[in-house]
Amino acid sequence: MIRVKITPNNKQSQLQYIREISGVNINKCIQCTKCSAGCPASARMDILPHEIIRLLQLGQVEKIFHSKSIWNCASCFVCTERCPRNIDIARLIEAIRLTIIRQPGKSKFKPDDVPGIIDDKMPQQVLVSGFRKYNR
Amino acid sequence: MSLKLEEKAISSKQQFEPLIVAFCCNWCSYAGADLAGTSRLNYPANIKIIKVPCSCRVSPNFVLRAFQRGADGVIIAGCHPGDCHYSTGNYFTRRRFTLFANLLEYVGIEREKFKIEWISAAEGNKFATVMNEMLDSINKLGPSRKLRDGRWIRQQ
Amino acid sequence: MDKTTVRMQQIALQTLANGEVDVILGWKKGDEWYDSYPVVINDINETAELIWDAFCVNNLSKYLITELKKNLRIGVFLKGCDSLAFNQLVIDNRIDSERVVIFGLPCPGMIDPQKVKHAGLNKGLLKVERTGDKIVFITKEGVKEYIGRSFDYDKCLNCRCPNPVVSKYMLSDAVTRTDEEQYFPDVTEIEKMPLEARYDYWTKQFSKCIKCYACRNICPLCSCETCVFDNIAAGVSSKADADCEQQFFHIIRAYHVAGRCVDCGECSRVCPVGIPLEKLNRKIIKDINQLYGDYTADTDIAKSPPLGTYKVDDFDPFDGSKQGGKK
Amino acid sequence: MPRIGAFVCWCGTNIAGTVDIEQVVQAVSEMSGIVYVKDYQYMCSEVGQNLVKTAIKEWQLERVIIASCSPRMHENTFRKAAKAAGLNPYLVEVANIREHCSWVHKNKEEATKKAIALIRAAVAKASLNTELIAKEIDVENRALVIGGGIAGIQTALDIAEAGYQVDVIEKSPSIGGKMAQIDKTFPTLDCSACILTPKMVDVASHPNINLYTYSEIESVNGFVGNFEVTIKQKARSVNLEKCTGCGICTEKCPSRKSKSEFDEGLRTRGAIYTPFPQAVPNVPVIDREHCLKFNTGKCGICEKLCPAGAIEFGQEDVLVTKKYGAVVVATGFDIIDLDKFGEYQYQNHPDVLTSLEFERLTNAAGPTAGKFIRPSNNKRPEKVVFIQCVGSRDVSSRGKSYCSKICCMYTAKQAMLIKDKYPDIEVYVFYIDVRTPGKNFDEFQRRAVEEYGVNYIKGMVGKIFPAGDKLIVHGVDSFTGDTLKIEADMVVLAAAAQAKPDAEVLGRKLAISTDTNNFFTEAHPKLRPVETHSAGIYLAGACQGPKDIPETVAQAGAAAAKVIGLLSKRKLVSNPCVSVVNEDLCNGCLSCLKICPYDAIAAKELATNNHGITSKRIVAKVNEALCQGCGGCTVACRPGAIDLKGFTNKQITAEVDALCH
């Protein structure tokens, strides 16, 4: 990653949007890294959960959007369970994913993708929830 | 309600400035009110506090007197049972006013108009919450002449 | 009834004669059929005029307060509910029970003259006699008989304590009550009414009040030297005929007998304008029985009254676990 | 109507900010009885008080109203000022227009209207105030210290040095508390027992100190200067005088099952035991649950072997009631239990210890006689991991929201001691923030890092996986962002400090309140840290909040100073707002007597004569020394015969009328 001059500008619309739909107050985080330490998927994450929150606090939303971590998060809620400051990190990362998905034209799951991935063992529900979440 | 009646109700609600008399026990809830002050919490100005040494000092006569003189709500705040500075004061408050509150409701007074709350000296925010909630419920009830002495006109 | 009257006159004569008592408190028959008025006699030959019939409703225990002040030994006739009141007066230290000799009178129930008038039987009525379930009306025209207790006072119909709980001499054998008393039906009926209807009902009832204070004067528990409502200096309430003053008096009167009222129903009986005051007292009795255990405000003198004591784990309707609360 | 002077305080901008002072002064001057109104920026200042004094003299004021901050702050200040000007102090009334008005309302117009209403209520009440003279009550010059830890010991010694009798009550068989369990103390690393045991011996031998160990508070009655405390001396089953402390019984006792509380369960002890060798008093106690004699009736070896014949199986609990002038609560703290912190495997792995267990492990008098070995296989560990803030700074329901203040320092000390004795052992400390604010504290912690090479890692441990005889510790270094896996041999958790579980029960007995974390509430966090709201009851040490030994000793000295200040007064000024009976109205029903918490009301016989016949009647009579002025009796009294001076029925009714004006 190239050195970027950090100017904390947390008035960005995406940041407001993330705060709104997640209802999480990121200022409560004291950077104790309990979430990253306990995260089973942290090995495959380029930005660890506590770093995601730090970046949010600094308003560096772009970096998070380009990261792989938010897609590797398995929503197992270990981080939320163990956070000593009662921050719902899993919910926050879900909010970040939704901010990306809900950007216009970015839907990740179009109807014509279906034939490619469907097989007889796949439950119907997977398609329905996939459309609901990833199709805009 | 017919439209005309509704207008009258709304208009009378606008000028309706409820008055709530709060008897606060000196050791716990009065200190809780002080803490609400020092922590700059906010509750409506309609609440007026009278200091009493203990919640067991408040007599049903004072409660009825307050309603007579135009109070829309009366609240007695004391220490949590067991924490009373005089060790058994609020046990008696609890018995007396459980019966008195039932009697008032039996005679037709809404339960929201007369409340007892246990607020300790460390619960500034509970004090503010209780007062705000009480005012909301009194506002919902709207103005009412119950128990009020018609000859006593309260300057708005 | 005559057997008990004779027994009553004998015991009165005997105790007056042997000096066990100086004065007897009983009833005498007035000239009207319903009038058995309370009387204080100390002369032996007056004992023959004592009477026990279906109209001896007056509770004699309250007279003891003034009579005992004359340092006399007093014999008094007490029915079931009167003996409850007697115990309350002892608890309140208003009477010195050593100087009282109690003649117990198990009470079959008293007849309500209003009900007799409603039934139109009072025309030319001379005398009413009751033996067991049979009631005999002796009128100028003839004799009419009725079975059952349809003429009894309401309060006697659901009487909880017909037999005196304390007495030195018992004048007749105990009366058994069969019908198990329903649980405060009159109170639950009012409780079911919607709030505004209740308010209107009671305000209408209270507005009838003329502040004659008969209810307070008859009540064995309202025995204060100077009642707070008579004491202008207390500045508690005034006699003005405004809704708030009436409500103030009646709510506070009911509250002052809370935990002590023996439900003898005298306040409603004597109220000249017929306000159902016993419904206020019984509401409190019902609440106390539910919340703090059944207190029979009569039998056990040592037990402290419900409002005079507490339990650490009393029912706490005010303990909403609001945010910030300790628990 | 008496001549009333009113003084409206600006309190800088605290009041003037949201209350229009001119409008208030104008409205107050029109109230009935007001002859003088003055507003000033700081009424509580010297100048402000002088304003009151001169006004009283010049205008012959008979009542004074101060509209300012809460009476709990400056009521005494203004009462003293009035007294200095010759006015009875109880004719002063304070209207709280700061905490209850200007600070809690934003709208200036509303706040001003409310301030005027509050002052009108104060005027109404003041006009009915009567002159009250405070009576004097005598003070029992003996103090009671609850808790035998360093806080209790230091308080007792300081009070005894001033020449007063002190009783110390300790629940466990010996005094010493947590400090006796510790090996070394920061920041000077001197041995804890070396600096504590001499003080324990001083306590035992001091002529003015009376020690009640293995005893608990049964009940507390009375009030400042006249506390009546009932102490339950639990049956020790050993005679205190006869026992010489030779220790034969504790060695020979066959029942070895019970875990030693003193050693945090790391070793077992006999049914008859002394907690630790330097115990004061050095007299064992029989743990009746595990003693064979009490359970099966067979054994009794200790009785046979005891040379002094001091064993008395028949001993019963003894209740002792004594009077005290002051009480100091020094009951200390506990470590939280870690059952909700499953990720650290504390419950199911012997090598995961709490910091207190670590202290016992490394202590020379500990279960391993100071040898630093792993409890699982008794081998010396190569890698030790310390974890800070276990349960502290945790707002979830698992832990405590506050910082326990002492863990950073004692963890640095423990880490340093390991590296000092065994330089080749690798030591890691996972922390969120190192907080070492005391004198020489930061230098001490930096020595651990710079001289002794303790690896401090900023980050929390996520999970610990037991693998073979190792403990794999998963953590993250938040500076570099790498996840770390350390194969540790031992993990020490710096568990949070919490209040004693029975603190609330003791608080209820003493009528002092505890906060939401069950620590005792001090009267004022900044200005009165060792006092409570109940006069005569003081706090010292960690029972008021987590703190280290230097602070505890400082608080102990402060509490002792307060007690000495109280006991040095032969007489105490009693609260004059007590009940008074109007004998004409009283009909002797004594329902007031039944509910008085202080039994301050008694029956009194009056001879009355109506129409020539004299007879006796009973009336209630208030013992002004015992009455604390709660006012419960005034409501129980139906005719209103008993009233509370300072808060009479008429005064409160006048306040209600004024507020609803």
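Treat the numbers as computed from the prediction; the structure is a model and nothing was measured. A note on names: the letters A, B, ... follow the listed sequences, proteins ahead of strands, and every chain is numbered from 1.
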Hey, which residues of residues 28-47 of chain B are touching chain C, say heavy atoms under 4.5 Å apart?
none

For C:Asp314, is it the side chain, the backbone, both or neither that has a heavy atom under 4.5 Å from a heavy atom of chain B?
both

Run the ring pair (Phe, Tyr, Trp, His ring centres under 6.0 Å) test against B:Phe62 and tell me which residues pass, sequence neighbours left out.
none

Check the pair B:Leu99, C:Leu307 against side chain to side chain contact (heavy atoms under 4.5 Å, CB included), reporting the backbone distance first and the verdict last.
CA-CA 10 Å; B:Leu99 295 177; C:Leu307 279 184; 3.8 Å; yes

Scored by heavy-atom pairs under 4.5 Å with chain B, the best of C:Val228, C:Leu280, C:Val312, C:Val236 is C:Val312

Quick check on the structure: residues of residues 199-226 of chain C within a heavy-atom distance below 4.5 Å of chain B, by number.
C:Tyr199, C:Trp202, C:Phe206

Minimum-distance pair of heavy atoms, taken over all atoms of C:Cys244 and B:Gln68:
O-NE2, 3.6 Å

For B:Tyr106, is there any backbone N or O sitting under 3.5 Å from a side-chain donor or acceptor partner on C:Arg198?
yes

Find out whether C:Phe318 and B:Glu117 are in side-chain contact, i.e. whether some heavy atom of one side chain is under 4.5 Å from a heavy atom of the other.
no

Considering all heavy atoms, the nearest C:Tyr310-B:Thr88 contact
OH-CG2, 3.2 Å

Considering all heavy atoms of both residues, which atom of C:Glu245 and which atom of B:Asp149 are nearest to each other, and what is their separation?
OE2-OD2, 4.3 Å

Contact between B:Glu105 and C:Lys283 at the side-chain level, heavy atoms closer than 4.5 Å - yes or no?
no

Non-hydrogen side-chain atoms of C:Gln247 and B:Lys146 separated by less than 4.5 Å:
no

What heavy-atom pair brings C:Lys311 and B:Arg94 nearest, and what distance separates the two atoms?
O-NH2, 3.2 Å

Those residues of residues 186-194 of chain C, ordered by number, that approach chain B below 4.5 Å (heavy atom to heavy atom):
C:Val187, C:Ile190, C:Glu191

Tell me the closest heavy-atom pair linking B:Thr98 and C:Phe315, and the distance in Å.
CG2-CD2, 4.4 Å

Name the option with the most non-hydrogen atom pairs under 4.5 Å to chain C; the candidates are B:Leu64, B:Leu104, B:Ile109, B:Ile119.
B:Leu64

With a 4.5 Å heavy-atom cut-off, do B:Pro60 and C:Ile251 have their side chains touching?
no

Under 4.5 Å from a heavy atom of chain B, the part of C:Ile288 involved
both

Can you find a heavy atom in the side chain of B:Arg95 that is under 4.5 Å from one in the side chain of C:Pro306?
yes

Side chain proximity check, C:Asp316 to B:Tyr91, heavy atoms < 4.5 angstrom
no

Comparing B:Gly124, B:Ser59, B:Ala122, B:Gly108 against chain C, the one with the most heavy-atom pairs below 4.5 Å turns out to be B:Gly108

Might you point out which heavy atoms bring C:Tyr255 and B:Arg96 nearest each other, and give the distance in Å?
OH-CB, 3.0 Å

